[in-house]
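Working notes for the structure below.
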Amino acid sequence: MAEIYDLHCHSTASDGALSPTELIKRAHEQGVTSLALTDHDTTAGLAEARAAAAASGIKLISGIELSTSWHDKCFHIVGLGINPDYGPLAQATQNLQTVRLERAEKIAQKLEKKRIPGAFEAVKRAAGDSMITRTHFADFLLSQHHVSTQQEAFDRYLARGKPAYVSTPWAELEQAINWITESGGIAVLAHPLRYKLTANWMKRLLTAFKEAGGQGIEVVTSRISADEIKLVAGYAARFELAGSAGSDFHNPENQWVELGRLAPLPPHIKPVWELLEVQG
Ligand code: AMP
Ligand code: MN
Ligand code: MN
Ligand code: MN
């Protein structure tokens, strides 16, 4: 049977709509054979996912998607095959929960200035013990009919440069890569084309990423064109990075993104899962 890898997705431990158990079930239904759960800044969903994966025969790769800062911009680094019990990583996720809670309070204050009260209480209630993300704010704005789509919530309020945007002190890129690699994992640059970098900045980013110990880049993601795959595969080859494939699945309602529904990695690219298998 063909192996189907999906090495990037979210559960209710961060801003995904499905619980880890529901996510594993859906991945299994979609034919995924190896899944990495990569919630934003948390590993809290992994234990439940592991139990569900064992029951359905899926191979679960312990993952995380860390928010990082580099040159004043936010970059997402996926960690694959991490050890969630590694002290500095566990400490970092705990700190990030506080960072996110404090940011949420500031976002809510900014929304209040726009005469949208009650956001902090609502997102705290919705997130429960999970990481509070801007997606929770988007859902709140949607539920209160301030916007008619999640995208509009980002475009009008939550995106950088918009009235409720709060710049956040994420970990430095190099620091986050260290947490991942020192815990036994592989650091992968998530969705490289989403940062809208010039070729020159992309080169600088990948140089810094590689120097800090980064080993992979997401060559295949959802809704990526054949030309874009070629472009990223070129970066992978040039910087000797392994290629990863991940849907970044959040929500079954988004019909454009499905678990495991991904284009194949170009044949000349070393798959990141070969590094994971070596790692054991
Ligand atoms: P945060 O990490 O709290 O800043 O939230 C980032 C999350 O918000 C991302 O992982 C996406 O799931 C979501 N997001 C960011 N930008 C957009 C956008 N323009 N439209 C829809 N969702 C977005
Ligand atoms: Mn997200
Ligand atoms: Mn991301
Ligand atoms: Mn993601």
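Counting convention: from 1, in listed order, for ligands and their atoms alike.
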**Request:** Going by the side chain to side chain contact (heavy atoms under 4.5 Å, CB included) test, name the single residue among T42, T93, L37, D39 that passes it with I64.
**Result:** T93
**Asked** In ligand 1, which numbered atoms sit nearer than 4.0 Å to a non-hydrogen atom of D15?
**Response** 7 (C), 10 (O), 12 (O)
**Prompt:** Of all the atoms in ligand 1, which lie at a distance below 4.0 Å from a heavy atom belonging to R100?
**Reply:** 1 (P), 2 (O), 3 (O)
**Short N or O distance, T133 and ligand 1, threshold 3.5 Å exclusive** = no
**Prompt:** Any N or O of Q151 that comes nearer than 3.5 Å to an N or O of ligand 1?
**Reply:** yes
**Message:** At a threshold of 2.8 Å, where the distance has to be below it, does the Mn ion (ligand 4) have an N, O or S atom of H8 nearby?
**Reply:** yes
**Item:** Backbone or side-chain N/O/S of H250 under 2.8 Å of the Mn ion (ligand 4)
**Value:** no
**Prompt:** Regarding D248 and T221, is there a side-chain donor-to-acceptor distance under 3.5 Å anywhere?
**Reply:** no
**Request:** For atom 1 (P) of ligand 1, grab the closest protein heavy atom and report residue, atom and distance to one decimal in Å.
**Result:** R103 NH2, 3.3 Å
**Request:** Return a yes/no value for Q150: is any of its N or O atoms, backbone included, closer than 3.5 angstrom to an N or O of ligand 1?
**Result:** no
**Prompt:** How open is the angle at the Mn ion (ligand 4) from atom OD1 of D248 over to atom NE2 of H10, rounded to 10 degrees?
**Reply:** 90°
**Request:** Specify which N/O/S atom of E65 comes nearest to the Mn ion (ligand 4), by atom name.
**Result:** OE1
**Asked** For ligand 1, which atoms have a heavy atom of T135 less than 4.0 angstrom away?
**Response** 7 (C), 8 (O), 12 (O), 13 (C)
